[in-house]
J.: 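This is the structure I have questions about; it appears just below.
Just so you know, these numbers come straight off a predicted model, no measurement behind them.
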Amino acid sequence: MSETVSATADLKGGPGGEHGRGTVGPRIRSFRRRAGLSQEAAASGAGISARALRDIERGRARRPRAYTLRSLAGTLGLSDDELADLLTDARTGPPRDTGRPSLLILGPLVLRRGRTPVPVAAPVLRRLLGLLALKHPEPATQQEITGILWPSGPPRSHPSLIHTYVSQARRLLAPCGPGSAPPPTVVRTPTGYRLEASRNRIDLGHFDELLARSERLARATEPEALYESLAEALRCWRGPVLADADPVLRRHPAAVAAEQRRVRAALLHADTALLLRRSGEAVPVLADLVDTEPLHEGLHARLILALADSGEQAAALQVFTRLRRRLDEELGIEPGTEIREAHLRVLRRQPPGPRRADSPAPAHPAPVHREPVHSTENHRESAHPTENHRAPARRAEPAATTPPPAQLPSGAGAFVGRRPQMRVLDTLVASDPARRPRIAVVVGPPGVGKTALATHWAHARREHFTDGQLFVDLRGHSRLPALRPGDVLAPFLRALGAPPHALPAHPPNEGEAAALYRTLLAGKRLLIVLDNARDAEQVRPLIPGAPGCAVVITSRSRLAGLVSTEGARRIALDVLDPDEGCELLGGIAGACNVAAEEAAARRLVELCGGLPLAIRTAGANLVARDASIAGHCAELAGDGILGRLRVEGDRRSTVRSAFELSYRTLPDEARRMFRLLGQLPGPELTVDAAAVLAGVTPAVSAALLARLADAHLVRETAGRFGLDVLLRSYACELIGADEAHTARRRLVLARAPGPIRHGTGRDDCSGSYASSAGSRVQSGGDRKDHRSAPLPSAGFGHPDASAPSGPAGGSRTGPSRTVGRTAAPPRAEPREPGMHQHE
């Protein structure tokens, strides 16, 4: 058996090569080639003689010592599972029917236990296993599983059915005998289920590891080792992802992304084969892929060159003719520059010649760009995108040399409502350019779902942005330092295909980088999502000048500067109404469970203040604890609700942490005002009432409230300000006892009768407070009292104003009757409970 055939047999059975695993020797040889080492180098690294390694690889030493295998494993970079399999082979020979399960999805779905196929006949089980393997190592949400298992709509009992199918999947994955590592299984997560398995137990995970290794080898310019690694990676594929699955699963974003990685590996493999003059070995791989990607010009161009380099000029010309006819019939366009140049090489009998071994470049000339910079010295730029979205208007443009960026994160598992906001975002892709804005700013309080809306819309409208999507978390409100524009421009430029020699030096010149960024985006239709922006200055250099590009920005600030100077459309998000909140809760905890406890579900949404982050957190805890909704409401009710609105082990799902990130960005005086607003007797107050509460002038009060409103920590409605339910709880957690007592005393003194009060003529503004300040102090500051009472006079808000005195005032205020003047509060900020827990 030749070495090539032996190496192929090692992986024919999927990850880990269990199907073709016979002796230790062929597997050691395959691993050595994957690492790109000669026998002498591998033997030297492992501390053994080259002759000993040669004997092992040729099967003369059938049971090498465990110490030798461990030394080789370190030199060859083997995983723990690969080493464990080698040690098992060395002790007992290859296992028969007692091996650990492997799940193969790169082709028809196959489950193997050791070398023996395990029948999976039930279609619903095949769909479940396929989805979990596609998502591995990430979990699949309940909504995702429901949509895949019942594409036409789930039955009412679908939550219990999912439990049943998960139990059946666990039994299928259980090994028949003891193993050296934990077997694959399905574990429950707060939002769904996850396949728990090592990556090489799933052929897609094994392929991704090999592809990542290949890309590292490519950067190291080792063409021989690169070619062997890519060949091994492509042998994992037996056909399209989940070739025998339902279309709904084959069209899953994870399946589409896996197919794109296969194309990327095949393009790089073909380029390296042409470089090494092994083009005949690339022909079968390319011929198989052009059947599944019939409009991909990059694959066809390489197939033409590989056939011509193998002496098959006639077949190469037939490939060009078929592609040109297909492009004309299906898209009404002509072949691009790359495919035409490959065709011209064949006609001139100029197949690609050998290149330097230390510079594995594409074997075809780089197409000319309208951009001023390009490079042909890095093979990564040879990965061409599919051309099936190219519009006729762009017929004369050359093919891009890098795949279009597709950086959008996964959307929210359960997304409800927001239809008016989606319609506003749709103006970014309006057919009339004169009415199409370039920028949309999504703003709102922490946890309201700004990122969820932006990513949901971006995924739904991605077909409008044929040149790709860029995404970045600017960390404007984060425990990590906020990103500067220069920090973002460098990775954006690399994603857009800027060659290394054209990138600005590090640290980058921001102006130079922004100019190159705008140049690369000229004439393109591309979406840029700038998440979690701090202010307008952070995002201005990231806004392209190209009219075809759109920008969606999310922020907790209002970003009014972008509206005034850049013409951005501002989209303000509020909390969900009760119906939408229940729908969101049902998407996480199960719609049938919400319908069974509708009143309790509405109560839970009310406790969460309609805040999507809080509802998602409560829903995740319902799933994790398998609790009733009414029981969970009882747990959340009362003080300290923020301490219970958290998912164990997930800081991003903690509501208090989301609030804290906004609070910490405030100046000291604004922090103090926010804490004091938690002492409101009712839901809202005016600027003058806030001045009384804080002991400041109305002008200072107005400035501080505007700062809080800009950060979306208070709600402003017709000149009145208030806190949402959970933000009020957070403010109450932060304030110290002395500070709260002083604020309540100011409210009492402001309401006491006196000559100044009767002369103001401004004590008829009812509704600003929802309860009597006097009764509030006498009852110990009960925050649940919401009875209506008038606004105190504006004159009592200034610390120098005379406080009411005399017997009447003393009898009303009790402990405060000896105070004749309201003192200004101390500047030192009290200790803020809970802050240190999240830093």
J.: How many angstroms lie between atom CG of L585 and atom CG of L576, to the nearest 0.5 angstrom?
T.: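 Nearest 0.5 Å value for the CG-CG distance: 11.0 Å.
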
J.: Does D738 CG have over 12 foreign heavy atoms under 6.0 Å away?
T.: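 Open.
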
J.: So, taking the atom named CG in L480 and the one named CG in D473, what distance separates them when rounded to the nearest 0.5 Å?
T.: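 CG of D473 is found 8.5 Å from CG of L480.
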
J.: Can you check side-chain contact (heavy atoms from CB on, under 4.5 Å) on K135 and H252, steps first, answer last?
T.: CA-CA 10 Å; K135 296 282 289 185; H252 191 280; 3.9 Å; yes

J.: Do you know the tightest heavy-atom contact between L559 and D710?
T.: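 Answer, listing the atom of L559 first, then D710: N-OD1, 4.5 Å.
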
J.: Report the residues that fulfil ring-ring contact (aromatic ring centres under 6.0 Å, His included) with F659, sequence neighbours left out, ordered by chain and then residue number.
T.: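 With neighbours one apart ignored, the set is Y730.
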
J.: Work out which heavy atom in A514 is nearest to a heavy atom in L489; give both atom names and the distance.
T.: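 Smallest interatomic distance, heavy atoms only, reads N-CD1, 3.7 Å.
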
J.: Which heavy-atom pair separates R715 from V575 by the least distance, and what is that distance?
T.: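 That closest heavy-atom pairing would be NH2-CG2, 4.4 Å.
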
J.: Nearest 0.5 Å, please: how far is CG in L642 from CD in E733?
T.: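 If I round to the nearest 0.5 Å, the distance is 4.5 Å.
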
J.: Roughly how far, to the nearest 0.5 Å, is OG of S557 from CG of N532?
T.: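 Nearest 0.5 Å value for the CG-OG distance: 9.5 Å.
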
J.: What heavy-atom pair brings R746 and G695 nearest, and what distance separates the two atoms?
T.: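 Nearest pair, atom of R746 first, then G695: NE-N, 3.5 Å.
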
J.: Looking only at heavy atoms, what is the nearest atom pair of L428 and R438, with distance?
T.: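 Of all heavy-atom pairs spanning L428 and R438, the closest is CD2-C, 3.8 Å.
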
J.: Which distance, rounded to the nearest 0.5 Å, do you find between the CG of L622 and the NE2 of H632?
T.: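 Rounded to the nearest 0.5 Å, the CG-NE2 separation comes to 5.0 Å.
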
J.: Tell me whether R720 contacts the main-chain N or O of T686 through its side chain, where contact means a donor paired with an acceptor under 3.5 Å.
T.: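 Side chain of R720 to backbone of T686: no pair is present.
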
J.: Does R462 have any side chain to side chain contact (heavy atoms under 4.5 Å, CB included) partners at least two apart in sequence or in another chain, and if so, which?
T.: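 In terms of side chain to side chain contact (heavy atoms under 4.5 Å, CB included), with neighbours along the sequence ignored, R462 is linked to A406, H459, Q469.
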
J.: I'd like to know if R484 and E537 make a salt bridge, using a cut-off of under 4.0 Å between side-chain N and carboxylate O.
T.: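 Between E537 and R484 there is no salt bridge, as every charged N stays at least 4.0 Å from the carboxylate O atoms.
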
J.: Hey, what do you get for CZ (R675) to CG (L677), rounding to the nearest 0.5 Å?
T.: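 Answer for the CZ-CG pair, R675 versus L677, is 11.0 Å.
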
J.: Name all residues meeting the ring-ring contact (aromatic ring centres under 6.0 Å, His included) criterion together with F674; count only those two or more places apart in sequence or in a different chain, and write none if there are none.
T.: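 For F674, the residues satisfying ring-ring contact (aromatic ring centres under 6.0 Å, His included) (neighbours in sequence not counted) are Y663.
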
